[in-house]
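Worksheet: the structure to be examined is printed underneath.
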Amino acid sequence: MTDARRKRRRKKTANRLIIIFSILAIFIALYCLVCSELDNNKIWKNVYINNISMQGLTKKEAQDALIKDFQKRYKDAALTVNLQGKEYSVNVSSVLGFDSSKELKNAYELGHRGFLLRGIDFILSKTLYRKKEQIEAYPHAQEEDKILEGIKKSGLPERDPKSETTWEVKDTVLAVHKGAKKDGADLDKLQKMITAAIQKHDYSSTIECPLIEKGPRKVDFQKIHDKIYQKKKNATLNKKKNYEIIASKNEISFDVKKAEKLYNETAFGEQVNIELDIKEPEVTTQKLKNNLFTKELGSYKTNGGGSEGRKTNISLAAKSCNGIILLPGETFSYNDVLGERTAARGYKAAGAYADGEVVEQLGGGICQVSSTLFSAVLHTNLEIVTRSNHSMPVSYLPMGMDATVSWGGPEFKFKNNLTYPIKIVASYSGGVISFKILGAASDYKKIDVEIKKTGELSCETYRKYYDENGNISNTVRISRSNYKPHT
């Protein structure tokens, strides 16, 4: 072969290679252009997860769709448990967790394996992966401790009711029936069986509840004691219902330690009676009925005359005090009982002490009513809370036995510190102001009032208590009084 011919052949071969490489370069350029155009975050596969088409969705859109479907589909997920012929529905929705990351990764991988593989993936999506693919993604048990909550909410009993201890109060005893040993639900095994059913995605089969012999639950006798314990309470009167009697209450309790010992010594299925400690209050219903206002505890009278206005005021004050009932612990306030002395309420102007002088004043004369009441209370064992003497001695009572009052102060108060209620009986008739304090005989004390002068216009007031034999048992100073001379 000549040199010229060889040269022409080499040139021809070179041209062919240039064409081939040019075509290949164009193809590569076009392929890269296609790959760049195929860059997106969407799923290419024609895949369905839980019957939801993933094609065309971003990974997040697909995940959101699957979670929404899971929440809808399994919001009331439940398993049926059969216990001795009775079925219970155990809700397990709170136990379930859902993770579709594996399935989504598989669906998303096509077209997202790398830049140079996108074109190939595109061709595969139109050929090999064109056919519809179905995938199921199932929930799993993630919070197994909540299975017990679901079991309890289903109403499935942990024990046979006959195995439980019961109790009731019968008259003077706490009757405790100790439960027997019976077959009950084995909750540990049942929890494992429910977990296994969830892992197998079996929500239709009925689970037979495993059984285990169980005795009664431990009895909390302190809790029972606290439930039946009752403080004793005296019978009293209902102020809101015309002073009807409110029945007394006995104290009810029992020895917890003794109860526990007796219970532990009792065989299963047997009954033990635990004696109740019952104590009556000091004032029972019957005692209150028998003693209510039956004894005069103390009384006093004074002659109340003067002007018509003064008599009117005395009458109004006596009527206000009449019938007042004080329950134990309550305090009598003279100003509260009478209210403000005004003309609109019928009070008249009459003579009264003010700053060491006698003046005309609305309600003049009511101090004789308060003083007469004070003198009656002095003859009882009632507690004097507040009392003030007049600025000058009064004519209707000895020094030390008066009690002045005025709207806004001074004030006269005493407290029912006795066991039973008391009642004030007041009247004004024939010029006589009369007060009686009625109560129970057990609250009665034989008392005399003694006035000891400590000066020309000063004194101390004492109660002298007598015992059953008529001897002085105690002397108690009640008040001091200091007066100014009449001007």
Note to self: So does Ser429 get a backbone contact from the side chain of Ser427, meaning a donor-acceptor N/O pair under 3.5 Å?
What the structure shows: no
Check: Can you name the residues that form a side-chain hydrogen bond (donor to acceptor under 3.5 Å, both in side chains) with Glu308, not counting sequence neighbours?
Finding: none
Margin query: Can you tell me which residue among Lys453, His390, Glu460, Arg387 is in a side-chain hydrogen bond (donor to acceptor under 3.5 Å, both in side chains) with Ser481?
Written below: Arg387
Margin query: Would you call the rings of His201 and Tyr138 parallel, tilted or perpendicular, taking 30° and 60° as the class edges?
Written below: parallel
Next item on the list: Start with the C-alpha gap between Ile245 and Leu237, add the side-chain angles, then the distance that decides, and say whether side-chain contact (heavy atoms from CB on, under 4.5 Å) holds.
Entry: CA-CA 5 Å; Ile245 290 178; Leu237 303 177; 3.8 Å; yes
Notebook entry, point to check: With sequence neighbours excluded, what pairs up with Ser204 under the side-chain hydrogen bond (donor to acceptor under 3.5 Å, both in side chains) test?
Noted result: Asp202
Next item on the list: Mind checking side-chain contact (heavy atoms from CB on, under 4.5 Å) for Asn471 and listing every partner two or more places apart, or none if nothing turns up?
Entry: Asp467, Asn469
Margin query: Run the side-chain contact (heavy atoms from CB on, under 4.5 Å) test against Glu340 and tell me which residues pass, sequence neighbours left out.
Written below: Thr342, Trp407
Next item on the list: In plain terms, say whether Glu270 and Lys178 are close enough for a salt bridge, that is, a side-chain N and a carboxylate O under 4.0 Å apart.
Entry: no
Notebook entry, point to check: Relative to Tyr466, does Lys446 satisfy both conditions: NZ or CZ under 6.0 angstrom from the six-membered ring centre, and within 45 degrees of the ring's axis?
Noted result: yes
Checklist line | Value rounded to 0.5 Å, distance of NZ in Lys445 from CG in Asn474 | finding: 10.0 Å
Check: Do the charged groups of Asp188 and Lys192 touch, with an N to O distance under 4.0 Å?
Finding: no
Note to self: Whether Glu144 and Lys146 form a salt bridge (side-chain N of Lys/Arg under 4.0 Å from carboxylate O of Asp/Glu) is what I want to check.
What the structure shows: no
Check: Is a side-chain donor or acceptor of Ser473 paired with a backbone partner of Tyr465 at a separation under 3.5 angstrom?
Finding: yes
Next item on the list: Provide the full list of salt bridge (charged side-chain N to carboxylate O under 4.0 Å, His left out) pairs with a residue in residues 407-420, sequence neighbours left out, each pair given once.
Entry: none
Item checked: Within 45° cone and under 6.0 Å: Lys301 NZ/CZ vs Phe435 ring -> no
Next item on the list: Could you pull out all residues at least two apart from Asp336 that satisfy side-chain hydrogen bond (donor to acceptor under 3.5 Å, both in side chains)?
Entry: Ser333
Next item on the list: Scan residues 365-378 for pairs that pass side chain to side chain donor-acceptor pair (under 3.5 Å), counting only residues two or more places apart or in two chains.
Entry: Thr302-Gln368, Thr302-Thr372, Arg310-Gln368
Notebook entry, point to check: Rounded to the nearest 0.5 Å, how far does CD1 of Ile478 lie from CZ of Arg463?
Noted result: 4.0 Å
Check: Looking at Val405, Asp402, Thr404, which hits side chain to side chain contact (heavy atoms under 4.5 Å, CB included) with Phe412?
Finding: Val405
Note to self: Once side-chain contact (heavy atoms from CB on, under 4.5 Å) is applied, do any residues pair with Ser154, and if so which ones, sequence neighbours excluded?
What the structure shows: Tyr88, Val90, Leu156
Note to self: Tell me whether Lys258 is salt-bridged to Glu275, with the criterion being a basic N under 4.0 Å from an acidic carboxylate O.
What the structure shows: no
Note to self: Which label fits Phe332 and Phe414: parallel for a plane angle under 30°, tilted from 30 to 60°, or perpendicular past 60°?
What the structure shows: parallel
Item checked: With sequence neighbours excluded, residues passing side-chain contact (heavy atoms from CB on, under 4.5 Å) with Val169 -> Trp167, Leu174, Ile228, Leu276
Next item on the list: Give a yes or no on whether the backbone of Met399 and the side-chain of Asn389 come within a donor-acceptor separation of less than 3.5 Å.
Entry: no
Check: Can you tell me how far CD of Glu164 sits from CZ of Arg159, rounded to the nearest 0.5 angstrom?
Finding: 5.5 Å
Notebook entry, point to check: Do you see a donor-acceptor pair shorter than 3.5 Å between the side chains of Asn238 and Glu244?
Noted result: no
If you look only at distance, which donor and acceptor atoms sit under 3.5 Å apart when one is on a side chain in residues 68-79 and the other is two or more places apart or in another chain?
from  : atom 1 : to    : atom 2 : distance (Å)
Asp69 : OD2    : Arg73 : NH2    : 3.0
Arg73 : NH2    : Asn50 : O      : 3.4

Check: Is it true that atom CD of Glu468 has more than 12 heavy atoms of other residues, nucleotides or ligands lying nearer than 6.0 Å?
Finding: no
Note to self: List the residues meeting side-chain hydrogen bond (donor to acceptor under 3.5 Å, both in side chains) with Asn417, not counting sequence neighbours, and say none if there are none.
What the structure shows: none
Pairs under 3.5 angstrom only: tabulate donor-acceptor contacts from the side chains of residues 318-326 to other protein residues two or more places apart or in another chain.
from   : atom 1 : to     : atom 2 : distance (Å)
Ser320 : OG     : Leu316 : O      : 3.0
Asn322 : OD1    : Ala426 : N      : 2.9

Next item on the list: Verify side-chain hydrogen bond (donor to acceptor under 3.5 Å, both in side chains) between Asn264 and Glu260, making sure each step is shown before the conclusion.
Entry: CA-CA 6 Å; Asn264 292 334; Glu260 290 173 346; over 6 Å; no
